[in-house]
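All chains are named by letter (A, B, ...) in the order of the sequence lines, taking the proteins before the strands, and each is independently numbered beginning at 1.
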2 protein chains.
Amino acid sequence: MGKAYNVMAATCPSRTVLHRIGARWTVFIVNALDNRPMRFTELKAHIRGITPKALTETLRAMEYDGLISRTEIPANPPHVEYALTDLGRSLLAPLRAIREWAESHVPDIERARAQADAQR
Amino acid sequence: MGKAYNVMAATCPSRTVLHRIGARWTVFIVNALDNRPMRFTELKAHIRGITPKALTETLRAMEYDGLISRTEIPANPPHVEYALTDLGRSLLAPLRAIREWAESHVPDIERARAQADAQR
DNA sequence: GATACCGGTATAGAATCTATACCGTCCCGG
DNA sequence: CCGGGACGGTATAGATTCTATACCGGTATC
């Protein structure tokens, strides 16, 4: 049985999936929810620099795709908790790898950029 | 010795690195150059739907970051070859994993979306 | 000399992201 | 009962990025 989906095909549905998980803030949210559920404000503080609009939109999209769950907790005071679903947790390994690559290759990239700048 | 870089910090240089490798078409190019170098037109045909402008810009950015090399080959007729550098090849495993996740979880995502649509 | 391929540019419009300000609800202290 | 703050967002405008589409100069081939 061959591959069912191929991102290289222009109209393959995997394109939209890839687009979503590659979106600007998805990798941050998945990594942030690694250990435990978090509230909106907690996420905003944790992912420094994200605007509430970007956070809202990314969370909504991820919820729509079944990657996270949004739970209103009617405690006192009431609040909202975002958590990874099983599907979202399956993204954890690949996206953690991306994050780690970025964090560990900063010097390589900076060296390459400096060298490229110097050559002009 | 603690972590040197942390993507969650707003001004950490790893942010720009992450931004670059998460860019719209980077994952496609890295996956396309997995096996062998390719020419501009070859890449454009392989990554269906990419516009020449997007391809040019992504290739330039990746070259600037040292992920790929651009070689003009003065053969007859002359042409241009793009290839992964060692640094680019180190991205192959994580980005292939992302691609594979996207290709293998299409049904899950579609199910989640259908369910979310149905609930409204 | 005409035509085709390669490796791109140019331009305009659409979509997306960012910055910044604001809002309604709930709770707590005074 | 009133003020203030935390929470979970919205609203608006501007900047940035992406897409669609057309075009172009150089080289080879017919």
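- Checked against D/dT27, C/dC27, D/dT10, the side chain of A/P77 finds its nearest nucleotide in C/dC27.
- Aromatic ring pairs are classed by plane angle as parallel below 30°, tilted from 30° to 60° and perpendicular above 60°; the pair A/W101 and A/H105 is parallel.
- Taking side-chain N and O atoms only, B/R24 has no distance below 4.0 Å to OP1 or OP2 of C/dA15.
- The shortest distance between the side-chain N/O atoms of B/R39 and the OP1/OP2 oxygens of C/dC5 is not below 4.0 Å.
- When all heavy atoms of A/S90 and A/P94 are compared, the pair lying nearest together is O-CD, 3.6 Å.
- In this model, the phosphate group of C/dT9 is approached by a side-chain N or O of B/R60 to a distance below 4.0 Å at OP1 or OP2.
- Side-chain proximity of A/P52 to D/dG9, C/dG7, D/dC7: nearest is D/dG9.
- The side chain of A/T51 sits closest to C/dT18 out of C/dG7, C/dT18, D/dT27.
- Rounded to whole Å, atom C1' of D/dG9 lies 16 Å from atom CD of A/E42.
- The CD atom of B/E81 sits 17 Å away from the C1' atom of C/dG8 (whole-angstrom rounding).
- Rounded to whole Å, the distance from CG on B/L59 to C1' on D/dC18 is 16 Å.
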Decide yes or no on side-chain contact (heavy atoms from CB on, under 4.5 Å) for A/H46 and A/L43, but give the supporting numbers first. CA-CA 5 Å; A/H46 198 79; A/L43 280 167; 5.5 Å; no
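- Contact annotation: side chain of B/K53 to base of D/dT19, donor-acceptor pair present below 3.5 Å.
- Annotation: of the two residues near DNA chain D, B/H19 and B/A75, the 5′-most nearest-nucleotide partner is B/H19.
- In this entry the distance linking CG of A/L55 with C1' of D/dT10 reads 13 Å, nearest Å.
- When the P atom of C/dT20 is taken as reference, atom NZ of A/K44 falls 13 Å away, rounded to whole Å.
- A donor-acceptor pair under 3.5 Å is absent between the side-chain atoms of B/T26 and the main chain of B/G22, judged by distance alone.
- Listed for the A/N6 side chain is a donor-acceptor partner under 3.5 Å among the backbone atoms of A/M8.
- Contact annotation: A/T41 side-chain N/O to D/dA6 OP1/OP2 distance is not under 4.0 Å.
- Atom pair B/I50:CD1 and C/dG8:C1' shows a separation of 13 Å (rounding to whole Å applied).
- For the OP1/OP2 pair of D/dC7 and a distance below 4.0 Å, the side-chain nitrogens and oxygens of A/Y82 include no atom meeting the criterion.
- With D/dT19, D/dG8, C/dA19 as the choices, the nucleotide that has an atom nearest any side-chain atom of B/W25 turns out to be D/dT19.
- If you take CZ of A/F40 and C1' of C/dT25, they are 15 Å apart, rounded to a whole angstrom.
- Nearest nucleotide to the A/P78 side chain, out of D/dG8, C/dC27, C/dT9: C/dC27.
- Taking each heavy atom of A/H79 and A/P77 in turn, the nearest pair found is ND1-O, 3.5 Å.
- When each of A/N76 and A/E57 is assigned the nucleotide of DNA chain C bearing its nearest heavy atom, the one mapping closer to the 5' terminus is A/E57.
- To the nearest angstrom, P of D/dC7 lies 10 Å from NE2 of A/H79.
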